[in-house]
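Structure record follows, encoded as structure tokens.
Given the structure is predicted, the values throughout are model-derived calculations rather than measurements.
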Amino acid sequence: MSSVSITGPAPYIYSSTRMRVRKAKLIGHDEYMRMLNMSLPEITRSIEEKEYKAEIDELASSFSGLDLVEVALSWNLAKEFQNVLGIMPGLIKKFTASYLQHWDIYNVLTILRGKTQGVSAGKIKEVLIPAGSLDRVALDRLLAEDSPERIVEALSSWSLYPVLEREFPAAMEKGTFGDLENELFKAFYRYILKQTASGVKGGKPFRDYLKLEIDLLNIKTVVRLYKGGVREDVRMLMVEGGSFSVDELIRLASSESMEEILEGIRKRYPEGPIGELMDSADKSMPLHEMENALTRVMLDQMDRISKRYAFSICPTLVYLMRKRYEVANLRAIARGKESGLPGEKIAEFLVV
């Protein structure tokens, strides 16, 4: 096969190299620490000098202060994800498009929650990330609907509509979308894992990456349940497809101590970043610190997978994930500054 073919090696090398270049431009630890000592206007100017200039300039006439930062970050993230999708070759593009559909879940739930709480369409739109299969036009149509029920009806052609239709009535009755969110993400992971199960070229690194992501998602859920004092059967909260079986996760969630949970995780991950975290974790560590630590080790472990599969979808997924957390960090800093929190308190919520 020719090296210039869309499915040949050259496009894969090109796309992986582009992702590493993009990753190298992301904001580093020292820069975040400097931002913690800035005012909100100074932070806005700082990010305008980086990859967010186009959005800041375009939106400055319509927004100011925290709103300007929030909307610029959302627009930049969506634009960047779509740009990345545009340069992906062959199967990497297919896998990436499937993976980005998790933003559809985020957007649909954000719209439903906003509508049920009486939030204006304009305010909801500010925090949407049109990076999945539901583009800006589709999301605008949903925002124009006058009730949550009409929004659900308008999503009849969405790939996850059967789950939405099944779970929506109970969500409205309970007044919370938590169970609906769990079921949507479980269906999402089943769908993309199925794409990797047929022996298709490039499927194994994608599957390894997804299994790790599912493991860390479930571990976070187990820790959150323990910290929250929840001990009953939590089967419905667990996502299938990772290294842990659902029964193993249920046993972890019913542990009598944090040490027992950490030991159970350590048995599955005796080495590497996750095992090292389990060795060093403090049982009294606040929930947000534990979750951030788990996110950091997940990113480190994903970097290792990316290096093992240098010319696969993994460099793309690593970049997309780290870009997502760059935006989350900037948003946390901006919100913290707006709320008058001291820099050291804001730093506790950053993933760096």
For this session: Please say whether more than 12 non-hydrogen atoms of neighbouring residues, nucleotides or ligands are located less than 6.0 Å from CZ in R150.
Result: no
Exercise. Is it the case that more than 12 heavy atoms not belonging to K186 sit under 6.0 Å from its NZ atom?
Worked result: yes
What heavy-atom pair brings [X] and [Y] nearest, and what distance separates the two atoms?
X    : Y    : result
L350 : A332 : CD2-CB, 4.0 Å
G241 : K211 : O-CG, 3.3 Å
L85  : A97  : CD1-N, 3.6 Å

Are the side chain of [X] and the backbone N or O of [Y] linked by a donor-acceptor pair below 3.5 Å?
X    : Y    : answer
T44  : L40  : yes
S255 : S257 : no
S339 : G336 : no
E80  : L77  : no

Can you confirm whether [X] sits close enough to [Y] that some side-chain heavy atom of one is under 4.5 Å from a side-chain heavy atom of the other?
X    : Y    : result
L299 : M321 : yes
Y226 : L252 : no
L109 : I105 : yes

Problem set entry | For E291, the option from R296, K227, R224 that meets side-chain hydrogen bond (donor to acceptor under 3.5 Å, both in side chains) | R224
If the threshold is 4.0 Å, N to carboxylate O, is there a salt bridge linking [X] and [Y]?
X    : Y    : result
R45  : E48  : no
R335 : E338 : no
K123 : D67  : yes
R190 : E240 : no
E55  : K79  : yes
K204 : D208 : yes
K25  : E326 : no
E145 : K115 : no
D303 : R322 : yes

I need the [X] [atom1] to [Y] [atom2] distance, nearest 0.5 Å.
X    : Y    : atom1 : atom2 : answer
K220 : N218 : NZ    : CG    : 11.5 Å
L180 : K174 : CG    : NZ    : 10.0 Å
N329 : R324 : CG    : CZ    : 12.0 Å
F311 : Y12  : CZ    : OH    : 13.0 Å

Exercise. Taking the six-membered ring of F244, is NZ or CZ of R268 closer than 6.0 Å to its centre and within 45° of its axis?
Worked result: yes
Exercise. Are F349 and V327 in one and the same hydrophobic cluster, where Ile, Leu, Val, Met, Phe, Trp and Tyr link if side-chain heavy atoms are under 4.5 Å apart?
Worked result: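 Not linked; separate clusters.
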Considering only distance and modelled atom types, tabulate donor-acceptor pairs under 3.5 Å from the side chains of residues 131-143, sequence neighbours left out.
from: S133; atom 1: OG; to: D104; atom 2: OD2; distance (Å): 2.5
from: D135; atom 1: OD1; to: V137; atom 2: N; distance (Å): 3.2
from: D135; atom 1: OD1; to: A138; atom 2: N; distance (Å): 2.9
from: D140; atom 1: OD1; to: K125; atom 2: NZ; distance (Å): 3.3

For this session: Take E51 and R22 through the salt bridge (charged side-chain N to carboxylate O under 4.0 Å, His left out) test and state the conclusion after the steps.
Result: CA-CA 10 Å; E51 303 299 313; R22 276 172 151 84; over 6 Å; no
Exercise. Between Y209 and Y99, how do the two ring planes meet: parallel, tilted or perpendicular, split at 30° and 60°?
Worked result: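 It falls in the perpendicular class, over 60°.
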Exercise. Side chains of Y269 and Q301: is there a donor and an acceptor less than 3.5 Å apart?
Worked result: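 No, because no side-chain N or O of Y269 sits under 3.5 Å from a partner of the opposite role on Q301.
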